Each structure stands twice: as structure tokens, then as C-alpha cells.
Engineer: 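Please see the structure below; I have some questions.
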Amino acid sequence: MTELSPFAIALHALAAIVWVGGMFFAYMVLRPALGALEGPQRLRIWATVFGKFFPWVWAAAILLLLTGYMQVFVDFGDFASAGLHVNIMHWLGVLMVFLYFFLFFGPYPKFTDAVGREDWQTAAMHLNVIRQIVLTNLILGLVVSGVGASGRLWP
């Protein structure tokens with residue numbers, strides 16, 4: 001361990017809280033609350049929400065990768081010495097990042113373009129794809145968080 005290890009662990013945890021917590025809030029609280037609104041208004045709000053949240057996801061994803069790899073190679077030496085829980089977190093985390101890249105560069109620009117053109121049917125179709133990716137990443141993020149919180153205690 002280095003003097004930076006506690007700092008890296010704290011940043012890693014905070015980045016995970018921002019990303020997974022944001023997805024939980026969006027999916028479990030904001031989505032149902034917006035359901036009572038008319039389609040165009042709801043879609044405009046989502047476009048604004050994503051525009052505010054996605055820069056935080058970029059920061060979180062980058063921090064998670066940097067601090068995760070730092071911990072693996074500085075604190076453990078390699079993945080083989082890090083333990084099963086670290087390997088599970090790594091591969092599920094990489095999958096989450098790839099899903100986010102797909103979301104950000106695939107349906108998200110199509111969604112924002114459709115909202116800008118007021119093509120509500122197309123915007124709703126792309127929002128549904130985004131919703132499915134967010135749900136998948138939320139589930140993966142909760143699993144990764146559980147593994148991260150309990151993994152050191154595994155036999």
C-alpha cells in the first residue's frame with residue numbers, strides 16, 4: 001500500500017456512489033414521478049436531466065477505472081493477487097463502462113436530436129432504449145457495490 005491508497009479507495013467509493021446512486025434515483029424516483037406528465041414535457045425534462053447527469057457519469061467512470069487499476073497494481077500487484085471479488089468488480093465495471101459508452105454515443109444523441117426536432121415518437125423510442133441500458137447498469141452497479149462491500153470477507 002502507498003500513502004495514496006486511502007485516497008484512491010475513497011475516490012473509488014465516491015465515484016461509485018455518484019454513478020449508481022444517480023441511476024437509482026433516476027430509475028426508482030424520477031421516472032415514476034415524471035410518469036404523470038405529458039409526453040413532450042417528460043421528454044424535455046429527461047433531455048435536461050441527462051445533460052446534467054452524464055458529465056458526472058463520465059467523471060465517475062474515469063475515476064473508477066483509474067482508482068481501481070491503481071489499487072490492483074499498487075496495492076495487490078496484479079489481478080491474480082487481488083482476489084475473486086476484485087476480478088468480479090473489474091469485469092462487471094468494464095461492462096458497465098461499455099454499456100454507458102454505447103448509451104452515450106448511440107441512443108442518447110438520437111434522443112436529444114429527436115427532442116430538439118420535437119419528434120416525440122422517435123424520442124420516446126430512444127428513451128426506452130436508454131431506460132433499458134440504465135436498468136441493466138443499475139443492476140450491475142448494485143451487484144458490483146455489494147461485491148465491493150463484502151468481498152474482503154469472502155473465504
Side-chain angles (χ1 to χ4, degrees), residues 1-35 42-113 115-116 123 126-155:
M1 270 189 151
T2 71
E3 297 80 34
L4 291 177
S5 293
F7 183 68
I9 291 169
L11 276 179
H12 196 78
L14 291 171
I17 290 167
V18 166
W19 189 2
V20 178
M23 289 188 297
F24 185 89
F25 173 79
Y27 200 88
M28 302 302 292
V29 178
L30 185 59
R31 181 174 170 262
L34 294 179
R42 184 173 58 247
L43 293 165
R44 284 188 185 107
I45 290 171
W46 276 117
T48 302
V49 167
F50 293 146
K52 302 284 186 191
F53 181 55
F54 286 168
W56 287 102
V57 176
W58 277 107
I62 291 166
L63 271 173
L64 284 163
L65 291 172
L66 290 176
T67 57
Y69 288 128
M70 182 199 147
Q71 290 174 71
V72 166
F73 294 110
V74 172
D75 295 344
F76 299 112
D78 58 23
F79 278 101
S81 303
L84 177 62
H85 69 290
V86 173
N87 284 274
I88 292 171
M89 283 191 293
H90 172 251
W91 289 113
L92 291 179
V94 167
L95 176 59
M96 289 178 67
V97 170
F98 279 120
L99 286 170
Y100 175 66
F101 286 171
F102 173 76
L103 181 158
F104 189 82
F105 293 111
Y108 175 60
K110 294 172 187 170
F111 168 74
T112 56
D113 178 62
V115 169
H126 291 298
L127 180 61
N128 189 50
V129 174
I130 292 169
R131 179 191 61 79
Q132 292 172 14
I133 296 168
V134 170
L135 175 59
T136 301
N137 257 356
L138 172 57
I139 293 167
L140 290 171
L142 291 171
V143 169
V144 170
S145 297
V147 169
S150 67
R152 291 179 190 240
L153 303 175
W154 295 0

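In what follows, every heavy atom counts, from backbone to side chain, and hydrogens, waters and symmetry copies are set aside. Source: prediction; values computed, not measured.
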Engineer: Quick check: closest heavy atoms across Ala123 and Val115, and the distance to 0.1 Å?
Structural biologist: CB-CG2, 3.8 Å
Engineer: Distance-only, no hydrogens or angles: does the Asn87 side chain make a donor-acceptor pair with backbone N or O of Ala82 under 3.5 Å?
Structural biologist: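 Not confirmed, Asn87 side chain does not pair with Ala82 backbone.
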Engineer: Do you know the tightest heavy-atom contact between Leu34 and Arg42?
Structural biologist: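 Looks like O-CD, 3.3 Å.
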Engineer: From Asn137 CG over to Ile130 CD1, what is the distance, rounded to the nearest 0.5 angstrom?
Structural biologist: 12.5 Å
Engineer: Measure the CG-CE distance between Leu64 and Met96 for me, rounded to the nearest 0.5 Å.
Structural biologist: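 If we round to the nearest 0.5 Å, Leu64:CG and Met96:CE are 8.0 Å apart.
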Engineer: Between Phe54 and Tyr100, what is the shortest heavy-atom contact and its length?
Structural biologist: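 Looking at all heavy atoms of both residues, the closest pair is O-OH, 3.2 Å.
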Engineer: Centres of the Phe24 and Trp19 rings: under 6.0 Å?
Structural biologist: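 No, ring centres 6.0 Å or more apart.
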Engineer: Please list, chain by chain and in numerical order, all residues satisfying ring pair (Phe, Tyr, Trp, His ring centres under 6.0 Å) with Tyr69, sequence neighbours excluded.
Structural biologist: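 With sequence neighbours excluded, Tyr69 shows a ring pair (Phe, Tyr, Trp, His ring centres under 6.0 Å) to His90, given in chain and number order.
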Engineer: Quick one: do Arg131 and Tyr27 satisfy side-chain contact (heavy atoms from CB on, under 4.5 Å)? Show the steps, please.
Structural biologist: CA-CA 8 Å; Arg131 179 191 61 79; Tyr27 200 88; 3.2 Å; yes
Engineer: Would Phe50 and Trp46 count as a close aromatic pair, with their ring centres under 6.0 Å?
Structural biologist: yes
Engineer: Counting only heavy atoms not in Phe98 (residues, nucleotides, ligands), do more than 12 fall under 6.0 Å from its CZ?
Structural biologist: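 At most 12 heavy atoms, drawn from other residues, nucleotides or ligands, come within 6.0 Å of this atom.
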Engineer: Taking all atoms of both residues into account, what is the closest heavy-atom pair of Ser145 and Val20, and its distance?
Structural biologist: OG-CG2, 4.3 Å
Engineer: How long is the gap from CD on Gln132 to OG1 on Thr136, to the nearest 0.5 Å?
Structural biologist: 7.5 Å
Engineer: Would you say the side-chain atoms of Ser81 pair up with the backbone N or O of Asp78, donor to acceptor, closer than 3.5 Å?
Structural biologist: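 No: the side chain of Ser81 does not pair with the backbone of Asp78.
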Engineer: Apply side-chain contact (heavy atoms from CB on, under 4.5 Å) to residues Trp58 and Phe53 and explain how you reach the verdict.
Structural biologist: CA-CA 9 Å; Trp58 277 107; Phe53 181 55; over 6 Å; no
Engineer: Does a sphere of radius 6.0 Å around CZ in Phe7 hold more than 12 heavy atoms from other residues, nucleotides or ligands, not counting ones at 6.0 Å or beyond?
Structural biologist: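 12 or below, so no.
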Engineer: Does Trp91, at its CH2 atom, have more than 12 non-hydrogen atoms belonging to other residues, nucleotides or ligands within less than 6.0 Å?
Structural biologist: no
Engineer: Measure across Met23 and Val134 and return the closest heavy-atom pair with its distance rounded to 0.1 Å.
Structural biologist: SD-O, 4.0 Å
Engineer: Working to the nearest 0.5 angstrom, can you tell me the gap between Leu11 CG and Thr67 OG1?
Structural biologist: 6.5 Å
Engineer: Between Ile133 and Tyr108, is the side-chain contact (heavy atoms from CB on, under 4.5 Å) condition met? List the steps.
Structural biologist: CA-CA 11 Å; Ile133 296 168; Tyr108 175 60; over 6 Å; no
Engineer: Which atom names give the shortest non-hydrogen contact between Ala15 and Leu63, and what distance separates them?
Structural biologist: CB-CB, 4.0 Å
Engineer: Could you give me the CA-CA distance, side-chain angles and deciding distance for Val74 and Leu4, then say whether side-chain contact (heavy atoms from CB on, under 4.5 Å) is met?
Structural biologist: CA-CA 10 Å; Val74 172; Leu4 291 177; over 6 Å; no
